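The next block holds one structure in the form of structure tokens; read it before the comments.
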Amino acid sequence: MIDLKLLQKDFETLSKKLMRKGVDAELIVQLKEKFEELKAAKTNFETLQAAQNAMSKEFGIYKREGKDISELKAKVDANKVKITEALEVQRIKQEELEQIAMAVPNMPDDDVPDGADEDDNIEIKKVLTPPTFPFTPKEHWELAEHNGWIDFERGVKLATSRFSVSFGMGARLERALVNFMLDFNRERGFEEVSVPALVNRRALEGTGQLPKFEDDLYKIDSQEMFLIPTAEVPVTNLYQDEILTEDALPKKMTAYTSCFRKEAGAAGRDTRGMIRQHQFHKVELVSISKPDESDTIFDEMVQCASDLLKALELPHRLVTLCTGDLGFSAAKTVDLEVWLPGQNTYREISSVSNTRDFQARRAKIRFKDGKKNTLVHTLNGSSLAVGRTMVAIMENFQNEDGSIDIPKVLHPYLGLH
RNA sequence: GGAGAGGUGGCUGAGUGGUUGAAAGCGGCGGUCUUGAAAACCGUUUUCCGGGCAACCGGAACGGGGGUUCGAAUCCCUCCCUCUCCGCCA
């Protein structure tokens, strides 16, 4: 959630920043008004309540001393009617404010480029040169089926479209990748954690998926539980409602989970192959830091994901997302796009975001900053999406006969020499 | 799934419907003492919101929500969670 106090302190700056992210100017004004209405309602209620508390204390004294209480009781009763009304007004204002505030996205950092969509993203740099082939490189689904690594039809049989099954070397490579990535991240100082794949509503509100994006999530109706769309949700929320000590920061964690997405708005896009699946595996990085450290840690996380791709010998590029492509919770995002020879293009394989205190405010994650409590900064990034890494390996390491070489760093994980 | 017990501050653990935001102990922090440390002693130690430059003032919070009452940690309802026993089970 954005800092509502900024509405009063510096409305101009705040609204300018939010409008860069496409938030309606009118909505921001409305938010400010609601916030002020709530404060007024609160003051009103608290004044009445203070009077009530004072009178109640008197009441106790009267009773002890055996005085006549009928007059006092009449006063107190009258005040109580007002309190009930004031409380109701406050409750409604609170609800209205929350409804708006929880649906307002984070403010982009000042250095995030303006833009409408992914076409306006700005390339930072390319890493490794895309390979050239003396033949026309195939797309991954063809290679996957040719080698018997992935079975798309049987995935559909078991579940529905956009589910797949890995067999043999395909399945083994997947597992090898997960292990390799976790080991790699651990060596970079990220502690491995293993977390639930189902979370409650509160957790998803904390990281920003709810209330706005419920349609994108798989929900277990009987229990009000949701399948996680990314490990970012359970890992970031590990410290929900906590006040961490300063020396416990930064927390740098890595987790492997399955991720589940309805891909509600993606009909017709990437329908073939395993670029866009309802269930996919991902190794995630999550950091919780003091505000002044988050930029450094952000760079570390981007570097970690890029180095991982480099170790896998996968050509890629780093891209700064423009305001229009930035996610709901992110103040800044760098995407890593891997080269896919079959598609002759770069495709997203990792996304690293700094949400600053946006998620921390929602999830109430703070640290003891000397005497006072300060919101932490939270960051997350994929490192990497396993399915898309498989795709990249298949397409970049393919031979003319359709066979696929295995990146050297994975050999130990597969018992190859 | 069945039966029972219970949820109070960083932890352990008291709590009679009325100055109880909450005894006591532990821990933490500050101090006295000490060459230093320990021990002992003294003091201090929850969080959120609103107002104020500040000292401070007001409100809220004893698992969540609701109710009874002038007044609820304390009584009632409901939901959630934890523990013990039984059953089932990777």
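What you are looking at is a predicted structure, and each value in this text was computed from that prediction instead of being measured. Per chain, numbering begins at 1; letters A, B, ... match sequence-line order.
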Spacing of the [atom1] atoms in [M] and [N] (rounded, Å):
{"N": "B:rG28", "M": "B:rA39", "atom1": "P", "answer": "9 Å"}
{"N": "B:rC70", "M": "B:rG65", "atom1": "P", "answer": "23 Å"}
{"N": "B:rC88", "M": "B:rG1", "atom1": "C1'", "answer": "8 Å"}
{"N": "B:rU8", "M": "B:rC62", "atom1": "C1'", "answer": "4 Å"}
{"N": "B:rG21", "M": "B:rA73", "atom1": "P", "answer": "8 Å"}
{"N": "B:rG6", "M": "B:rG63", "atom1": "C1'", "answer": "11 Å"}

Counting the atoms with a prime plus P, OP1 and OP2 as sugar-phosphate, which does [X] contact under 4.0 Å by heavy atoms, base, sugar-phosphate, or nothing?
{"X": "A:Asn373", "value": "sugar-phosphate"}
{"X": "A:Gln52", "value": "sugar-phosphate"}
{"X": "A:Arg202", "value": "nothing"}

Practice item. For the residue pair A:Tyr218 and A:Phe260, categorise the inter-ring angle as parallel (less than 30°), tilted (30 to 60°) or perpendicular (more than 60°). Key: perpendicular
Practice item. For the pair A:Tyr413 and A:Phe180, name the ring-plane relationship: parallel under 30°, tilted 30 to 60°, perpendicular over 60°. Key: perpendicular
Would you mind reading off the distance between [X] atom [atom1] and [N] atom [atom2], rounded to a whole angstrom?
{"X": "A:Glu98", "N": "B:rC48", "atom1": "CD", "atom2": "P", "result": "17 Å"}
{"X": "A:Asp241", "N": "B:rA61", "atom1": "CG", "atom2": "P", "result": "17 Å"}
{"X": "A:Leu48", "N": "B:rG59", "atom1": "CG", "atom2": "P", "result": "12 Å"}
{"X": "A:Ile83", "N": "B:rU68", "atom1": "CD1", "atom2": "C1'", "result": "16 Å"}
{"X": "A:Ile243", "N": "B:rG9", "atom1": "CD1", "atom2": "P", "result": "13 Å"}

Review point. Honestly, is A:Lys32 close enough over A:Phe11, meaning NZ or CZ under 6.0 Å from the six-membered ring centre and within 45° of the axis?
Key: yes
Shortest side-chain distance from [X], nucleotide among [options]:
{"X": "A:Thr43", "options": "B:rG50, B:rC49, B:rC70", "value": "B:rG50"}
{"X": "A:Ser56", "options": "B:rG18, B:rG59, B:rU47", "value": "B:rG18"}
{"X": "A:Phe35", "options": "B:rG71, B:rC48, B:rG50", "value": "B:rG50"}
{"X": "A:Glu46", "options": "B:rG59, B:rC70, B:rG51", "value": "B:rG59"}
{"X": "A:Asp77", "options": "B:rG58, B:rU47, B:rC70", "value": "B:rC70"}
{"X": "A:Lys39", "options": "B:rC48, B:rG50, B:rG18", "value": "B:rG50"}

Is the phosphate of [N], meaning OP1 or OP2, less than 4.0 Å from a side-chain N or O of [X]?
{"X": "A:Gln49", "N": "B:rA60", "result": "yes"}
{"X": "A:Lys82", "N": "B:rC70", "result": "no"}
{"X": "A:Asn53", "N": "B:rG59", "result": "yes"}

**Study point:** Partner nucleotide of B:rU12 by Watson-Crick or wobble geometry (both distances under 3.5 Å)
**Key:** B:rA24
Point to revise | G-U wobble or Watson-Crick pairing nucleotide for B:rG43 (cut-off 3.5 Å, both distances) | key: B:rC29
Check your understanding: Quick one: do A:Asp241 and A:Arg202 make a salt bridge, cutoff under 4.0 Å?
Key -> yes
Point to revise | Where A:Thr355 and A:Ser329 come nearest, the two heavy atoms and their spacing | key: CB-O, 3.3 Å
Exercise for review: Take A:Gln94 and A:Glu98 through the side chain to side chain donor-acceptor pair (under 3.5 Å) test and state the conclusion after the steps.
Suggested key: CA-CA 6 Å; A:Gln94 175 80 45; A:Glu98 223 157 76; 3.2 Å; yes
